[in-house]
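Index from 1, following the sequence.
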Amino acid sequence: MSTSVEIAGRIGPELIELRRRLHRIPELGLDLPETQAVVLEALAGLDLEVSTGRGLSSVVGVLRGRAPHEGERPVVLLRGDMDGLPVTEEVDVDYRSEREGRMHACGHDLHVAGLVGAARILAERRDELVGDVVLMFQPAEEGPGGAEPMIAEGLLEAAGRRVDAAYAVHVYSADHPRGTWFGRPGPLMAAADEVHVVVRGVGGHGSAPERAQDPVPVACEIVLAFHTAVTRRFSVWDPVVLTVGRIAAGTKDNIIPDDAVIEATLRTFSREHRELAHRVVTDVAQGIASGHGLSAEVIIGNGYPVTVNDEGEFTFAQGVVADLFGADRWADMVNPEAGSEDMSFVLDEVPGCYLNISACALEDHTRAEDNHSPRAAFDDSVVPDVAAALAELALRRSRLLADGA
C-alpha cells in the first residue's frame, strides 16, 4: 500500500499543472465560476458526493471511507480557499495571470491544488479511511468572506453528521526557507473589524466658526483619543491594534463641512478584547463628539473572528507534519499574526488547526516579498507536501476519533 507522501509525489506534476492553470484565471469574491468549473473537473471520477453553493461559487465534496468501524463514523473537514486579489501581477512566469488587475497573490491556487491532491490520495486510500472527509473549496476568503455563508448552507453537516475536526494549510511567499512548516497553538491570527465613524456637525463659513459646529477638529481629537485608549484600556499581553487609514471631510479650504468621516481597522487577539474594543471605540467617538455639542455615528463591521488553534489539535497536527517531513522542517511561531482569516468561523464551531508552509521562490527568503505583493512568488514544488499533509491529517485523526481519542 502506497503512503500519502508516495502518492503525492506520483501525482505531483498533475497537481502543479492544476495550480498553474488556476494561477492564470484568478477571480475575486463570492462569484468564481471559472475556478469552480476547474475544481469540479479536477474532482470528477473520484466517487465523491459533490454539491455547489446556492449563494456563492463554493464546492463541497464528501468522501466516504470504507474501513470498518462500529458506531457513528468520524467526520474530518479539510479546507482550501480559491479566490485571488485585485493586484496586477509582476512575477515573470509563463503561467502569469491572464486577468488584468487580478492575481493569485496569496497562494490560494496552491491551496486548491493541495486540497484536490488530498482528495485523490484519500480516494486511493479509501479502504484505510475509518471516517468520512468533507472537502471545503471556499471562495471570498479575501472578502467579503465565504466560510460563514458556507456554514449557513450546511457545510458542517454535509456528511450527514457534524464535523468533528477541521484543518487547513496556508502557503507563504516569504518569512521562512522553502518547505518549512510553522504554526502555534492558541491565537494564530487576529480578528479584524472595519470601523466607520461619521462625526456630524453643522457646516458654515470658515471665517465664522462660532456660527457653525465644525466636525474636523473633533474628528482629529477622536483619532488621537483612539490611540490613547488602545494603550490605556488594554493589556500589552493581549494587544489591540487600531489603525486609522482614512479621514475625509470638506470640499474647500474656507468651508466648514457638515460631516467628517474616519475609517479604521481594528485588530484583536481574543474574543474578550474584541468585544471590549468595540465598546471602547464607540464610547470614545460618541463621548468626544457629545462633549463638543456634536454627534458621532459609529458602525463597526463584523469582520473575521480570531483564528484559534485548538491546543490538542495543534499538537496532533504538528506531530503529523514532523513524522511525514522531519522535525527539522518545523519552526515554532512565537507570536500570532495581525492578519486575519475566515477559517476562524470554522474553528469557532469545531476544534481544529491551521498550519502554514513556506513556498518561498527565492533561495534567500529574507529578500522575498510577502503575500499580497504584486511580486509575491510561490514555488509550487510544495503542493505535493500540502496534499500529503492534509490527507494524512484526515486519515490519522479519523482513526483516533474512532478509537475515542
Side-chain angles (χ1 to χ4, degrees), residues 1-12 14-16 18-19 43 46 48 61-67 69 73-80 110-137 159 163-171 179-183 185 309-310 312-331 343 346-347 350-359 380-403 405:
M1 183 70 68
S2 297
T3 67
S4 294
V5 172
E6 289 169 345
I7 298 170
R10 171 163 35 89
I11 66 175
E14 298 167 58
L15 299 180
I16 290 170
L18 171 62
R19 178 260 163 160
L43 296 177
L46 292 184
L48 306 175
V62 178
L63 189 148
R64 305 286 183 183
R66 293 187 185 139
H69 171 61
R73 297 176 65 81
V75 181
V76 173
L77 180 146
L78 303 177
R79 180 266 209 163
L110 284 81
H111 301 171
V112 174
L115 185 53
V116 168
R120 292 183 59 178
I121 293 167
L122 291 168
E124 188 165 330
R125 300 186 66 186
R126 193 187 300 266
D127 290 342
E128 302 172 72
L129 179 61
V130 176
D132 300 331
V133 178
V134 175
L135 306 165
M136 175 189 180
F137 293 90
V163 167
D164 296 298
Y167 306 98
V169 173
H170 203 298
V171 297
T180 301
W181 292 83
F182 54 104
N309 279 338
D310 177 88
E313 295 291 351
F314 171 80
T315 300
F316 160 73
Q318 181 187 28
V320 170
V321 166
D323 186 49
L324 291 178
F325 308 111
D328 60 325
R329 283 183 55 185
W330 177 267
M343 178 67 179
V346 175
L347 296 180
V350 297
C353 183
Y354 187 102
L355 296 174
N356 302 310
I357 183 173
S358 174
D380 48 26
S381 65
V382 305
V383 168
D385 287 354
V386 173
L390 287 171
E392 202 66 25
L393 287 167
L395 283 161
R396 298 190 190 190
R397 194 69 184 103
S398 293
R399 292 192 202 111
L400 289 172
L401 288 164
D403 291 339

*Taking atom CG of Leu63 and atom CZ of Arg120, what is their separation to the nearest 0.5 Å?*
13.0 Å
*Between Gly114 and Val386, what is the shortest heavy-atom contact and its length?*
CA-CG1, 4.1 Å
*Partners of Arg19 by salt bridge (Lys or Arg N to Asp or Glu O under 4.0 Å), sequence neighbours excluded?*
Asp109, Asp380
_How long is the straight-line distance from OG1 of Thr180 back to CG of Asp328, given to the nearest 0.5 Å?_
8.5 Å
_Nearest heavy-atom neighbours spanning Phe325 and Ala389_ = CE1-CB, 4.2 Å
*State whether the side chain of Arg329 and the backbone N or O of Gly179 hold a donor-acceptor pair below 3.5 Å, judged by distance alone.*
yes
*Least distance between heavy atoms, Ala387 atom then Leu15 atom*: CB-CD1, 4.0 Å
_Return the CG to CD1 distance between Leu110 and Ile16, rounded to the nearest 0.5 Å._
9.0 Å
_Candidate pair Val116 and Leu18, rule side chain to side chain contact (heavy atoms under 4.5 Å, CB included), full reasoning_ = CA-CA 9 Å; Val116 168; Leu18 171 62; 3.9 Å; yes
_Non-neighbouring partners of Thr3 that pass side-chain contact (heavy atoms from CB on, under 4.5 Å), sequence neighbours left out_ = Val5, Glu6
_Under the rule for side-chain contact (heavy atoms from CB on, under 4.5 Å), what residues qualify as partners of Ala391, not counting sequence neighbours?_
Ser4, Ala118, Ile121, Leu122
_With Phe182 via ring-ring contact (aromatic ring centres under 6.0 Å, His included) - residues at least two apart_ = Tyr172, His176
_Please find the pair of heavy atoms, one from Gly65 and one from Asp132, that lie closest to each other, and give the distance._
N-OD1, 3.2 Å
*asked:* I need the Leu347 CG to Asp310 CG distance, nearest 0.5 Å.
replied: 9.0 Å
*Sequence neighbours excluded, which residues qualify as salt bridge (Lys or Arg N to Asp or Glu O under 4.0 Å) partners of Arg125?*
Glu128, Glu392
*Is it true that the NZ or CZ of Arg396 lies under 6.0 Å from the centre of Phe316's six-membered ring and within 45 degrees of the ring axis?*
no
*How many angstroms lie between CG in Leu401 and CZ in Arg73, if you round to the nearest 0.5 Å?*
12.0 Å
*So, the side chain of Arg126 versus the backbone of Arg64: is there a donor-acceptor pair under 3.5 Å, distance only?*
yes
_When you compare the side chain of Leu77 with that of Val350, does any pair of heavy atoms fall below 4.5 Å?_
no
_Testing the basics here: between Tyr167 and Leu390, what is the closest heavy-atom pair and its distance to 0.1 Å?_
O-CD2, 4.4 Å
*Between Asp164 (side chain) and Val75 (backbone), is there a donor-acceptor pair under 3.5 Å?*
yes
*Do side-chain atoms of Asp127 reach the backbone of Ala67 as a donor and acceptor pair under 3.5 angstrom?*
no
*Closest contact, heavy atoms only, Val383 versus Ala113*: CG1-CB, 3.8 Å
*Taking side-chain contact (heavy atoms from CB on, under 4.5 Å) as the test, write out the residues that go with Ala317, two or more places apart.*
Cys353, Leu355, Leu393
*With under 30° as parallel and over 60° as perpendicular, where do the rings of His111 and His170 fit, or are they tilted in between?*
perpendicular
